[in-house]
Amino acid sequence: MTDPIADLLTRIRNAIGAGHSSLLVPRSRLKLAIVRILKAEGFIEGYIDIDEGPQGKIKVFPRYDEENQAIIRGLVRVSKPSRRKYVGKHDVPRVRNGLGVAILTTPRGVLTDRDARKAGVGGEVICYVW
């Protein structure tokens, strides 16, 4: 697999499209950090870090509203292995005028766009979520 982050985002997109209550993805530190941010921002109900085998897995529980519509309306990979997208501290993007979240890898770790602006750092834009 050439892009494990795109695989994580696609699995989440497919699970919410099918209305599944949970999904399993192979674990990595970056994927775990992305899932933590999705939980903190309220896009998913929660996750469980399963330590089995050499790599482990993450069980993600998508969040739905009272009409069984997914809370995540859009999930887009921005920086790809073939074309990375880096932004400076003054160019950190806003997603849907602040209604969405951009997830970035920065020297201070994986942060949301708001946290990166507050910390005054730029970095690689991983994805947009709204």
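- Ion pairing between Arg27 and Asp51 holds under the 4.0 Å rule for side-chain N and carboxylate O.
- In plain terms, the two heavy atoms of Gly122 and Pro107 that are nearest each other are O-CD, 3.6 Å.
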* To do: List the steps, then state whether side-chain contact (heavy atoms from CB on, under 4.5 Å) holds for Ile103 with Cys127.
  => CA-CA 5 Å; Ile103 299 177; Cys127 64; 3.8 Å; yes
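- The backbone N or O of Val125 lies less than 3.5 Å from no partner atom in the side chain of Arg84, so there is not a single donor-acceptor pair.
- The hydrophobic cluster containing Ile5 does not contain Tyr86, counting ILVMFWY residues as joined when their side-chain heavy atoms lie under 4.5 angstrom apart, directly or transitively.
- Put simply, Leu9 and Trp130 are part of two different groups of oily side chains (I, L, V, M, F, W, Y) that touch within less than 4.5 Å, one to the next.
- Other residues, nucleotides and ligands contribute over 12 non-hydrogen atoms within 6.0 Å of the CZ atom of Arg73.
- Atoms CG and OG1, on Leu104 and Thr112 in that order, are 8.0 Å from each other to the nearest 0.5 Å.
- In this structure, Lys57 contributes its side chain and Glu52 its backbone to no donor-acceptor pair below 3.5 Å.
- A donor-acceptor pair under 3.5 Å links the side-chain atoms of Lys31 to the main chain of Pro26, judged by distance alone.
- Under a hydrophobic clustering in which Ile, Leu, Val, Met, Phe, Trp and Tyr are joined whenever their side-chain heavy atoms come within less than 4.5 Å, directly or via other members, Val101 and Leu111 fall into different clusters.
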* Test side-chain contact (heavy atoms from CB on, under 4.5 Å) on Leu30 and Val110 and set out the steps. => CA-CA 8 Å; Leu30 182 56; Val110 180; 3.6 Å; yes
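- One hydrophobic cluster, built from ILVMFWY side chains closer than 4.5 Å, cannot hold both Phe61 and Ile71; they sit in different ones.
- Side-chain contact of Asp7 with Thr10: a donor-acceptor pair under 3.5 Å is absent, judged by distance alone.
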* To do: For salt bridge (Lys or Arg N to Asp or Glu O under 4.0 Å), just list the numbers for Glu41 and Arg63, CA-CA rounded to whole Å, side-chain angles, deciding distance to a tenth of an Å, and then say yes or no.
  => CA-CA 11 Å; Glu41 293 294 322; Arg63 186 170 170 208; over 6 Å; no
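- Looking at Lys85 and Glu124, no side-chain N of the basic residue comes within less than 4.0 Å of a carboxylate O on the acidic one, giving no salt bridge.
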* **Test side-chain contact (heavy atoms from CB on, under 4.5 Å) applied to Ile126 and Arg77, step by step** => CA-CA 6 Å; Ile126 298 174; Arg77 176 82 157 123; 3.5 Å; yes
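- Here the CG-CD1 distance, from Leu23 to Ile16, works out to 9.5 Å after rounding to the nearest 0.5 Å.
- Tyr64 places no side-chain N or O within donor-acceptor distance of the main-chain N or O of Ser21, the cut-off being under 3.5 Å.
- In terms of heavy atoms, Pro81 sits closest to Asp3 at CD-OD2, 3.4 Å.
- Cluster membership check: Val95 does not share its hydrophobic cluster with Ile37, using side-chain heavy-atom separations under 4.5 Å among Ile, Leu, Val, Met, Phe, Trp and Tyr.
- Of the charged side-chain nitrogens involved, none lies within less than 4.0 Å of a carboxylate oxygen, so that Asp49 and Lys59 do not count as a salt-bridged pair.
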* Passes side-chain contact (heavy atoms from CB on, under 4.5 Å), Arg36 versus Leu32? Steps please. -> CA-CA 6 Å; Arg36 275 191 196 118; Leu32 201 53; 3.5 Å; yes
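- For the side chain to side chain contact (heavy atoms under 4.5 Å, CB included) criterion with Leu24, the lone passing option out of Ile48, Ile50, Val60 is Ile50.
- Annotation for Pro62 and Glu45: closest pair O-CG, 3.6 Å, computed over non-hydrogen atoms.
- Sparse packing is recorded around CZ of Arg29, with 12 or fewer heavy atoms of other residues, nucleotides or ligands lying under 6.0 Å away.
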